[in-house]
Amino acid sequence: MSEQLRLDPIACTAHGLCAELLPERIWLDEWGYPVLEDGELSGELLQHARRAADACPTLALRLERQRRAAAARSGTGLRPAGRKPR
Amino acid sequence: MSLGAGEFPRLLAGMPSSGALGLAAHQSLHGPLTLPQRQRSRSEHPLILELERAGLRGYGGAGFPTAVKLHAVAGQGSRPAIVVNGSEGEPLSSKDLLLTSRLPHLVIDGVLVAASLLGSDRVVFALDEQARGPARALKQALSQRHELQQRGAPAITVNAVPSGYLSGQEMALLNVLEGGPAKPTTTPPYPFERGLGGRPTLVLNCETLAQVGLVARHGADWFRALGTSTDPGTRLITVAGAVSYPGVVEVAGGTTLKQLIGASGGLTEPIQGVLLGGYAGSWLGPDTLDLRLDAHQLLERGLRLGSGLVTLMPQSACVVAEVASVARWLQQQSAHQCGPCINGLQAIADALEDLCAGGDRRRVFTRIERWCELVTRRGACSLPDGAASFVSSALRSFRPQFEDHARHGACDNCGAAGVLPTAIIDPVYAA
């Protein structure tokens, strides 16, 4: 089961701990807000990602299962039953 | 009698030059409306399949497939609510106000069809608080519909929402209708899961519902008889700027920009560029008149029509001053919830104003371009993405004009009357 980081931009108030704990995937923009890089999280990196999410003081950073995260990005994960749109 | 498949216009057929088309005239033009049965079985509703075959996509800006939305709401298991989004927060758009004030029965048809299909008992029409005329026309049209007197008919209210760019953003709109501020929330949950009063909610734009009503009457083949295979049917476009008759026109998918300008009475003067998709759209140069307005083909080039918006920028206007003024307005419209939007739009608007006045021009283009990239896809809603597209495409299309301002300061046209409005509603349409 692959997991992915997801950021709630409303909840995030730029504490910046995440970028310290996971510099491989998170950097801070010039205002101190995190920018998340795509890429698979596995092994040791996944452990660091979990620590980064746990450390977020506003719970803005979360680790989610890939499918849910992908569905959220595309607007909805649903496809109509029956035929696909042509 | 009813409209044939190839007949044009469709949506705007029979539109009176003032006042609303009455129920009798509407019915003699479009024929009788048979409401669909409520979906009960687990198999897909025939009308949802028909809408899917029609290829109908939302006309509010996002272009999401309407059949998928209906399917998602229908599959939730509890009684859904319907929100008709007519708030039209984009200052360049007036098609939804035109529909509600001149052709309200067309929209109501679609609402009755959707409510019947979903078994919905609650419908809210959301209109801008300044749109008092359209609200009156809509209420009067609703009072003429016998379908609403019958048992099991949905309760329909017309709600005024505060003027503002974000009032049309669907999460912000739902917040407003619940008595909150016009601020987007984090998704998920999406409205189809949890919307009005916590219920699954179908949120559709006015024009989209009008089209749903027409597909329910005439079917998918009729819908696809006009337009292209990749952008079937017709759509409303609000044309602004250097044309003889600015306003709303109906065009079939795939119509060229040149034909659209012709339908608006032709150009009044040479243009320096074209804005597609309004304040969340993109600028193109003046040599694009052969461009086909086919939503699918445009999207392949990264272009969007938004809620159907084409603005022809006249040679005599100062595009630099106008882009700076809209960038500032968008920054003020932000809900100021997400860091990148708060800081990025402020930085972009400040830099554009400085540039316009000839100040601080060291690497200013690089900085603005970087900020545009930095705000994109980093907000809870797509306001920053749209603003970034509007600004960065302007820098690409009008580089000489921007450089001229950076070097020499304000031009003679900087103070001229604006082509790009920053008031939500034109008083002509509100009355």
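Chain identifiers are assigned alphabetically (A, B, ...) following the order of the sequence lines, protein sequences preceding nucleic acid strands; residue numbering begins at 1 within each chain.
At a 4.5 Å heavy-atom cutoff, B:T230 makes no contact with chain A through either its backbone or its side chain. Interface residue B:R370: only side-chain heavy atoms are found under 4.5 Å from chain A.
Between chain B and the options A:L36, A:D29, A:L7, A:I10, heavy-atom pairs under 4.5 Å are most frequent for A:I10.
Of residues 341-349 of chain B, those residues lying under 4.5 Å from chain A by any heavy-atom pair are B:N343, B:G344, B:A347.
Contacts of B:R194 classified as salt bridge (Lys or Arg N to Asp or Glu O under 4.0 Å), with partners at least two apart in sequence or in another chain: none. Scanning for side-chain contact (heavy atoms from CB on, under 4.5 Å) contacts around B:H45 gives B:P36, B:Q39, B:L47, B:I48, B:L117, with sequence neighbours left out.
Judged as a side-chain hydrogen bond (donor to acceptor under 3.5 Å, both in side chains), the pairs with a partner in residues 18-27 of chain A (not counting sequence neighbours) are, in order, A:W27-A:E37.
At least one donor-acceptor pair closer than 3.5 Å links the side chain of B:R378 to the backbone N or O of A:P34. Side chain of B:Q337 to backbone of B:P184: a donor-acceptor contact under 3.5 angstrom is found.
Ionic pairing of B:D221 and B:R53 is present here: one or more N-O contacts between side-chain nitrogen and carboxylate oxygen are shorter than 4.0 angstrom.
Applying the 6.0 Å contact sphere to CD of A:Q47 captures more than 12 heavy atoms from other residues, nucleotides or ligands.
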